[in-house]
Trainee: 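Before we start, here is the structure in question, set down as structure tokens.
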Amino acid sequence: MNEMSELIPLVALLRYGSYRNSQMKLRQRLTSGEMPSEIIREEAEQQRLLDQAYKDIQHWLSSGENPLSWLDSDYPQQLRDVHDFPPIIFTRGNLKKLDQGICIVGSRKAGPQAISATRQIAYILVHSGWTVVSGLAKGIDAAAHAETLRLHGRTVAVIGNGIDQTYPKENTELQREIEASGLTLSQFWPGSSPTKFSFPIRNAVMSAYASATIIVSAEEKSGTRHQARQAVAHGRPLVISGSVYEDTSWGRRLVDDASILSAVAYSPEEAVQQAMEMTRLTQSGFPA
């Protein structure tokens with residue numbers, strides 16, 4: 001369901017208006033109870049911005065995109081709960097307002113042992129009734145999605161580009177399969193290409209969407225560390241594999257910090273068990 005009367009001014013503010021580069025300020029106003037239809041009145045060219053936003057939304061809808069604002073009743077609850085929620089998201093596939101998932105992430109250049117561990121983690125999660133969340137990147141992400149699809153489980157891909165774009169190109173068919181049975185989600189405008197900045201931003205949504213994050217493999221300067229930091233910032237449980245704990249200073253720092261809900265695991269079974277147990281400490285309503 002799209003609350004068009006508020007979606008149009010929200011798109012106008014974020015895409016063309018004063019909040020193009022300051023989403024945080026707009027989030028603060030939204031959470032304080034102000035409505036986009038009120039805030040847009042402050043814009044000097046209010047009607048022009050609204051007209052442009054209306055044309056964009058009509059185009060997105062006709063092209064199969066599904067724009068949802070933070071104010072929509074269908075907006076995922078787990079994203080609504082974090083301080084840095086994306087004001088607008090785009091989805092393709094089967095959207096669930098309450099979707100209990102665990103995120104599996106790791107290196108794009110993962111070796112056979114890490115890929116095997118990823119598949120085992122996905123297997124356990126699917127058979128335990130959880131959604132597998134990942135980022136559709138090469139390596140660990142692709143293995144997590146593909147194994148979940150093979151097992152006829154639910155998987156959600158949070159991507160770092162427009163919902164109508166595919167990256168990397170070799171995962172195009174995988175993305176289509178996810179959209180057919182699961183969900184693809186993006187916070188970026190349709191047509192947007194990936195950038196080195198978009199992936200860390202994507203990690204925030206990926207962390208927020210999942211109930212916990214399992215990091216299978218990563219190096220000292222791996223982009224995966226952004227996911228770890230976001231999980232901590234959101235108060236989501238974090239499980240780091242033994243190899244990541246031993247090979248990265250940030251992995252050891254996060255696990256050894258008693259104020260952080262984190263753990264180290266030395267097997268796929270232990271990783272899933274740790275993630276589930278810590279999730280039980282933070283919320284209810286998880287799969288039995």
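For this chain, numbers begin at 1 and follow the sequence in order. None of these values were measured; they are calculated from a predicted model.
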Trainee: Do Ser207 and Val82 come close enough that some side-chain heavy atom pair is under 4.5 Å?
Mentor: no
Trainee: Less than 4.5 Å apart, side chain to side chain, heavy atoms only: is that true for Thr213 and Met206?
Mentor: no
Trainee: Looking only at side-chain N and O atoms, does Gln273 offer a donor or acceptor that is under 3.5 Å from a partner on Glu277?
Mentor: yes
Trainee: Can a donor-acceptor pair be found, under 3.5 Å and without considering hydrogens, that links the side chain of Asp164 to the backbone of Pro190?
Mentor: no
Trainee: Would you call the rings of Phe85 and Trp70 parallel, tilted or perpendicular, where under 30° means parallel and over 60° means perpendicular?
Mentor: parallel
Trainee: Show the numbers, then the answer: is there a side chain to side chain contact (heavy atoms under 4.5 Å, CB included) between Ser181 and Glu177?
Mentor: CA-CA 7 Å; Ser181 62; Glu177 292 178 15; 5.8 Å; no
Trainee: Verify salt bridge (Lys or Arg N to Asp or Glu O under 4.0 Å) between Arg176 and Glu173, making sure each step is shown before the conclusion.
Mentor: CA-CA 5 Å; Arg176 298 293 172 258; Glu173 183 59 31; over 6 Å; no
Trainee: Between Arg150 and Glu147, is there a salt bridge with N-O shorter than 4.0 Å?
Mentor: yes
Trainee: With rounding to the nearest 0.5 Å, note down the distance linking CG in Leu7 to CG in Leu61.
Mentor: 8.0 Å
Trainee: Just do the side-chain hydrogen bond (donor to acceptor under 3.5 Å, both in side chains) check on Gln52 and Asp56 with the steps written out, would you?
Mentor: CA-CA 6 Å; Gln52 288 179 313; Asp56 286 343; over 6 Å; no
Trainee: Is Ser262 reaching over with its side chain to a backbone N or O of Leu254, donor-acceptor style, under 3.5 angstrom?
Mentor: yes
Trainee: Within 45 degrees of the ring normal and closer than 6.0 Å to the centroid, is that where the cationic atom of Arg202 sits relative to Tyr167?
Mentor: no
Trainee: Are Phe188 and Tyr75 linked, directly or through intermediate hydrophobic residues, by side-chain heavy-atom contacts shorter than 4.5 Å (ILVMFWY only)?
Mentor: no
Trainee: Over all heavy atoms of both residues, which pair between Glu179 and Ile163 is shortest? Give the atoms and the distance, please.
Mentor: OE2-O, 4.3 Å
Trainee: Hydrophobic clusters here meaning ILVMFWY residues chained together by side-chain heavy-atom distances under 4.5 Å, can you tell me if Ile201 and Val133 are in one?
Mentor: no
Trainee: Carefully, step by step, assess Arg119 and Tyr123 under the rule side chain to side chain contact (heavy atoms under 4.5 Å, CB included).
Mentor: CA-CA 6 Å; Arg119 291 173 177 154; Tyr123 179 91; over 6 Å; no
Trainee: NE2 of His152: more than 12 outside heavy atoms within 6.0 angstrom?
Mentor: no
Trainee: Between the side chains of Asp51 and Gln47, does any donor sit under 3.5 Å from an acceptor?
Mentor: yes
Trainee: Any heavy-atom pair between the side chains of His145 and Gln175 that's under 4.5 Å?
Mentor: no
Trainee: For the CD1 atom of Ile260 and the CZ atom of Arg253, what is their distance to the nearest 0.5 Å?
Mentor: 9.0 Å
Trainee: Using 0.5 Å steps for rounding, measure from the CD1 atom of Ile40 to the CD atom of Gln46.
Mentor: 6.0 Å
Trainee: So, Arg236 side chain and Ala210 main chain: donor-acceptor pair closer than 3.5 Å or not?
Mentor: yes
Trainee: Can you name the nearest heavy-atom pair linking Val205 to Gln187, along with the distance?
Mentor: CG2-OE1, 2.9 Å
Trainee: Taking C-beta and beyond as the side chain, do Leu95 and Leu68 meet within less than 4.5 Å on heavy atoms?
Mentor: yes
Trainee: Looking at every non-hydrogen atom in both residues, tell me the closest pair between Val216 and Ile104 and how far apart they are.
Mentor: CG2-CG2, 3.7 Å
Trainee: Please check: side-chain N/O of Ser198 versus main-chain N/O of Pro194, any donor-acceptor pairing under 3.5 Å?
Mentor: no
Trainee: With a 4.5 Å heavy-atom cut-off, do Pro9 and Leu50 have their side chains touching?
Mentor: yes
Trainee: Looking at Glu43 and Ser18, would you say the former's side chain and the latter's main chain have a donor-acceptor pair under 3.5 Å?
Mentor: yes
Trainee: Once you round to the nearest 0.5 Å, how far does CG of Leu30 lie from OG of Ser32?
Mentor: 7.5 Å
Trainee: Verify whether one side chain among Ser193 and Gln165 offers a donor that lies under 3.5 Å from an acceptor in the other.
Mentor: no
Trainee: When you group the ILVMFWY residues by side-chain heavy-atom contacts below 4.5 Å and let the links chain together, are Phe199 and Leu136 in the same group?
Mentor: no
Trainee: Please find the pair of heavy atoms, one from Pro86 and one from Leu79, that lie closest to each other, and give the distance.
Mentor: CG-CD1, 4.4 Å
Trainee: Please determine whether the number of non-hydrogen atoms from other residues, nucleotides or ligands lying under 6.0 Å from atom OH of Tyr16 exceeds 12.
Mentor: yes
Trainee: Checking the side chain of Arg15 only, and the main-chain atoms of Ala12 only, is there a donor and an acceptor separated by less than 3.5 Å?
Mentor: no
Trainee: Do Asp84 and His234 have side chains that approach each other closer than 4.5 Å (heavy atoms only, starting at C-beta)?
Mentor: yes
Trainee: So which atom in Ser211 and which in Gln100 form the shortest heavy-atom distance, rounded to 0.1 Å?
Mentor: OG-NE2, 2.9 Å
Trainee: Tell me whether Thr248 contacts the main-chain N or O of Tyr245 through its side chain, where contact means a donor paired with an acceptor under 3.5 Å.
Mentor: no
Trainee: Closer than 3.5 angstrom, by distance alone: can the side chain of Thr155 be matched with the main-chain N or O of Val132 as a donor-acceptor pair?
Mentor: yes
Trainee: Quick one: does Ser186's side chain have a donor or acceptor within less than 3.5 Å of a partner on Phe90's backbone?
Mentor: no
Trainee: For salt bridge (Lys or Arg N to Asp or Glu O under 4.0 Å), just list the numbers for Glu170 and Lys138, CA-CA rounded to whole Å, side-chain angles, deciding distance to a tenth of an Å, and then say yes or no.
Mentor: CA-CA 9 Å; Glu170 53 262 46; Lys138 296 179 184 179; 3.2 Å; yes
Trainee: Does Glu38, at its CD atom, have more than 12 non-hydrogen atoms belonging to other residues, nucleotides or ligands within less than 6.0 Å?
Mentor: yes
Trainee: Is it the case that the side chains of Glu6 and Ser69 hold a donor-acceptor pair, with the cut-off being a distance below 3.5 Å and no angle test?
Mentor: no
Trainee: For residues Leu174 and Leu149, determine if any side-chain heavy atom of one lies less than 4.5 Å from a side-chain heavy atom of the other.
Mentor: yes
Trainee: Using the rule that Ile, Leu, Val, Met, Phe, Trp and Tyr join whenever any side-chain heavy atoms are under 4.5 Å apart, tell me whether Leu281 and Ile214 fall into a single cluster.
Mentor: yes
Trainee: Ignoring hydrogens, what is the shortest heavy-atom contact between Tyr19 and Leu26? Give both atom names and the distance.
Mentor: CD2-CB, 3.6 Å
Trainee: Please examine the side chains of Val11 and Trp189, heavy atoms only from C-beta on, and report whether any two atoms are closer than 4.5 Å.
Mentor: yes
Trainee: Trp130 and Thr279: side chain to side chain contact (heavy atoms under 4.5 Å, CB included), yes or no, with the steps?
Mentor: CA-CA 12 Å; Trp130 291 77; Thr279 298; 4.0 Å; yes
Trainee: Which distance, rounded to the nearest 0.5 Å, do you find between the CZ of Arg154 and the OG1 of Thr148?
Mentor: 11.5 Å
Trainee: Same hydrophobic cluster for Ile124 and Val239, using side-chain heavy-atom links shorter than 4.5 Å among ILVMFWY?
Mentor: yes
Trainee: Can you tell me how far apart CG (Leu71) and OG (Ser37) are? Round to the nearest 0.5 Å.
Mentor: 9.0 Å
Trainee: Counting heavy atoms not belonging to Gln113, are there more than 12 under 6.0 Å from its CD?
Mentor: no
Trainee: Starting from the C-alpha separation in whole Å, work towards a yes-or-no answer on side chain to side chain contact (heavy atoms under 4.5 Å, CB included) for Asn94 and Leu183.
Mentor: CA-CA 5 Å; Asn94 178 21; Leu183 179 72; 5.7 Å; no
